[in-house]
**Student:** 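Got a structure for you, questions after.
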Amino acid sequence: MKDMNQCPICGGSNFERREVTETFEYKGQSLEYPNYVVYACGSCGEEIVDSKCLKESDRKIRDFYRQVDGLLTL
Ligand SMILES: [Zn+2]
């Protein structure tokens, strides 16, 4: 497995793994997603979401969307 410590945008090595709480909004409802893993570049400011985290959050976000749609159609 390759370590992600170099920015693919500017090539800088100032690339840091960060865990943040990301907030997603959908139709006026919001979902707080803790431990959202992003890599942030200290040189150019680029932020890239960890691919594994993206897959996991994608599932939860879809559930959230369904839940919101369910609330609105009841
Ligand atoms: Zn960069």
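Just so it is clear, the values below take in all heavy atoms, side chains as well, and ignore hydrogens, waters and symmetry mates. Owing to the predicted nature of the structure, the values given are computational and were not obtained by experimental measurement. For ligands, and for the atoms within them, numbers begin at 1 and follow the listed sequence.
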**Student:** Output all residues satisfying side chain to side chain donor-acceptor pair (under 3.5 Å) with Asn14, sequence neighbours left out; order by chain, then residue number.
**Tutor:**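 Not a single residue meets the side chain to side chain donor-acceptor pair (under 3.5 Å) criterion with Asn14.
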**Student:** List for me each residue that meets side chain to side chain donor-acceptor pair (under 3.5 Å) alongside Glu19, sequence neighbours excluded, and say none if there are none.
**Tutor:**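 Once residues adjacent in sequence are excluded, the partners of Glu19 under the side chain to side chain donor-acceptor pair (under 3.5 Å) criterion are Arg17.
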**Student:** Do Ile9 and Tyr39 share a hydrophobic cluster, counting only Ile, Leu, Val, Met, Phe, Trp and Tyr and linking them when any side-chain heavy atoms are less than 4.5 Å apart?
**Tutor:**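 Different hydrophobic clusters.
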**Student:** Identify all side-chain donor-acceptor contacts of residues 27-35 below 3.5 Å with residues at least two apart in sequence or on another chain.
**Tutor:**
| from | atom 1 | to | atom 2 | distance (Å) |
| --- | --- | --- | --- | --- |
| Lys27 | NZ | Asp69 | OD1 | 2.9 |

**Student:** How many protein N, O or S atoms are found at a distance of less than 2.8 Å from the Zn ion (ligand 1)?
**Tutor:**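 The number of such protein atoms is 4.
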**Student:** Are Ser43 and Cys7 packed together at the side-chain level, in the sense that at least one heavy-atom pair is separated by less than 4.5 angstrom?
**Tutor:**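 No, too far: nothing below the 4.5 Å cut-off.
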**Student:** Does the distance from a Lys or Arg side-chain N to an Asp or Glu carboxylate O, for Lys60 and Glu56, drop under 4.0 Å?
**Tutor:**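 Answer for the salt bridge query: no.
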